[in-house]
**Student:** 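My structure is below; once you've seen it, I'll send some questions.
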There are 2 protein chains.
Amino acid sequence: MNAETLKGHLDLLLLAALADRSAHGYAIVEILRVDSGGTFDLPEGTIYPALHRLEHAGLLGSYWSAETGRRRRVYQLTAKGQQALAQRQQEWQQFSRAVNAIVGA
Amino acid sequence: MNAETLKGHLDLLLLAALADRSAHGYAIVEILRVDSGGTFDLPEGTIYPALHRLEHAGLLGSYWSAETGRRRRVYQLTAKGQQALAQRQQEWQQFSRAVNAIVGA
DNA sequence: TATAATACATAGTATTGCTAGGTGTCAAGA
DNA sequence: TCTTGACACCTAGCAATACTATGTATTATA
């Protein structure tokens with residue numbers, strides 16, 4: 001998988017991963033890897049700045065969890081994040097259809 | 001359509017557009033716009049550097065056409081470009097399936 | 001005759017995911 | 001006990017790429 005392929009679609013993946021559950025960064029990496037059948041195996045240097053960016057944009061909220069001694073920052077969708085997810089999903093559908101129209105012609 | 005969405009997928013589109021015909025840059029823009037139903041409306045500052053890059057990489061060949069008084073650089077797939085197209089198509093299928101697995105979960 | 005469409009080109013910009021390196025906790029095995 | 005690996009977070013700097021803005025020139029159209 002090329003490094004540039006993901007560009008512009010990572011936000012969609014993160015928002016979608018948090019659509020029906022809250023999770024911390026390391027767990028999100030696991031979710032994306034498993035649910036994608038191993039296609040997405042994101043390095044931490046990708047995931048953490050992206051989560052910060054989304055939180056800064058108001059699409060995610062977070063809190064520190066200290067259930068175990070290990071600190072975890074747990075992220076969840078905000079209302080704005082849910083709207084953004086819906087929009088990104090539509091954009092993905094449109095993009096995907098358009099690419100298939102070119103490639104599958 | 002977000003500016004970043006296309007990143008990493010433009011090469012696939014260009015190679016696919018040239019899969020069954022040769023065309024010059026301006027015409028490729030038209031092909032992509034029409035075949036995508038208007039989704040892809042690429043500015044010239046996107047298309048020309050990309051074509052140069054692909055030619056430099058050996059995936060495209062080109063020649064100047066002067067049928068009309070207007071100069072046109074006509075591009076066509078090389079053998080290497082055809083192989084690259086096949087690979088990019090597979091990568092797209094995999095990527096697309098993986099995203100749908102996350103989003104449509 | 002002026003405007004728009006056709007057709008090419010490139011310098012500079014902004015965004016973004018990745019590499020590489022760092023800190024610290026916890027469990028398991030030597 | 002010590003070491004290794006998994007877990008869990010963070011950031012600075014890098015590389016790649018599509019876009020903006022701008023320029024040149026030809027042809028068709030109003």
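Lettering follows sequence order; numbering is per chain, from 1.
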**Student:** Rounding to an integer number of Å, can you tell me how far B/H52 NE2 sits from C/dT10 C1'?
**Tutor:** 9 Å

**Student:** Give every residue pair that meets the salt bridge (charged side-chain N to carboxylate O under 4.0 Å, His left out) criterion with at least one member in residues 1-15 of chain B, sequence neighbours excluded.
**Tutor:** B/E4-B/K7, B/D11-B/R53, B/D11-B/R88

**Student:** Output all residues satisfying side chain to side chain donor-acceptor pair (under 3.5 Å) with A/R33, sequence neighbours left out; order by chain, then residue number.
**Tutor:** A/E30

**Student:** Please, which pairs that meet side chain to side chain donor-acceptor pair (under 3.5 Å) have at least one residue in residues 55-65 of chain A, sequence neighbours excluded?
**Tutor:** A/E55-A/S62, A/S62-A/R73

**Student:** In this structure, how many angstroms lie between the P atom of D/dC10 and the CD1 atom of A/I28, rounded?
**Tutor:** 11 Å

**Student:** Compile the donor-acceptor pairs under 3.5 Å between side chains in residues 42-50 of chain B and protein atoms, sequence neighbours left out, one pair per line.
**Tutor:**
none

**Student:** Salt bridge (charged side-chain N to carboxylate O under 4.0 Å, His left out): which pairs involve residues 91-104 of chain A, sequence neighbours left out?
**Tutor:** none

**Student:** My understanding is that only residues two or more places apart in sequence, or in another chain, count here; which of them pass side chain to side chain donor-acceptor pair (under 3.5 Å) with B/Q94?
**Tutor:** A/T39

**Student:** According to a strict under-4.0 Å criterion, is A/R73 in side-chain N/O contact with OP1 or OP2 of D/dC10?
**Tutor:** yes

**Student:** What is the distance from CG of B/L32 to P of D/dC19, rounded to the nearest Å?
**Tutor:** 11 Å

**Student:** How would nucleotides 15-23 of chain C be written as a contact map, 5' to 3', with B for base contact, S for sugar-phosphate-only contact and - for no contact, using protein heavy atoms under 4.0 Å?
**Tutor:** BBSBBB---

**Student:** Which residues pass the side chain to side chain contact (heavy atoms under 4.5 Å, CB included) test with A/Q82, not counting sequence neighbours?
**Tutor:** A/L77

**Student:** How far apart are the closest heavy atoms of A/G25 and A/L51, and which atoms are they?
**Tutor:** CA-CD1, 3.8 Å

**Student:** Nearest-Å distance, NE2 (A/H24) to C1' (D/dC9)?
**Tutor:** 10 Å

**Student:** Once you build an axis from the first five pairs and another from the last five of the helix from C/dT1-D/dA30 to C/dA30-D/dT1, how far apart in angle are they, to 10 degrees?
**Tutor:** 10°

**Student:** Taking only residues two or more places apart in sequence or in another chain, which ones pass side chain to side chain contact (heavy atoms under 4.5 Å, CB included) with B/Q89?
**Tutor:** A/V103, B/L12, B/L85

**Student:** Please determine if a side-chain N or O atom of B/Y48 lies less than 4.0 Å away from the OP1 or OP2 oxygen of C/dC8.
**Tutor:** yes

**Student:** So which protein N/O to nucleotides 27-30 of chain D N/O distances come out below 3.5 Å?
**Tutor:**
residue	atom	partner	partner atom	Å
D/dT27	OP1	B/G69	N	3.2
D/dT27	O4'	B/R70	NH2	3.1

**Student:** Measure the distance from CG on B/D41 to C1' on C/dA5 and round it to the nearest whole Å.
**Tutor:** 14 Å

**Student:** Tell me, which pairs form a ring pair (Phe, Tyr, Trp, His ring centres under 6.0 Å) where one or both residues lie in residues 5-35 of chain A, sequence neighbours left out?
**Tutor:** A/H9-A/W92, A/H9-A/F95, A/H9-B/H9, A/H9-B/F95

**Student:** I need the OH-P distance between A/Y26 and C/dG24, as an integer number of Å.
**Tutor:** 18 Å

**Student:** Can you give me the closest heavy-atom contact between A/L32 and A/A17, atom names plus distance?
**Tutor:** CD2-CB, 4.0 Å

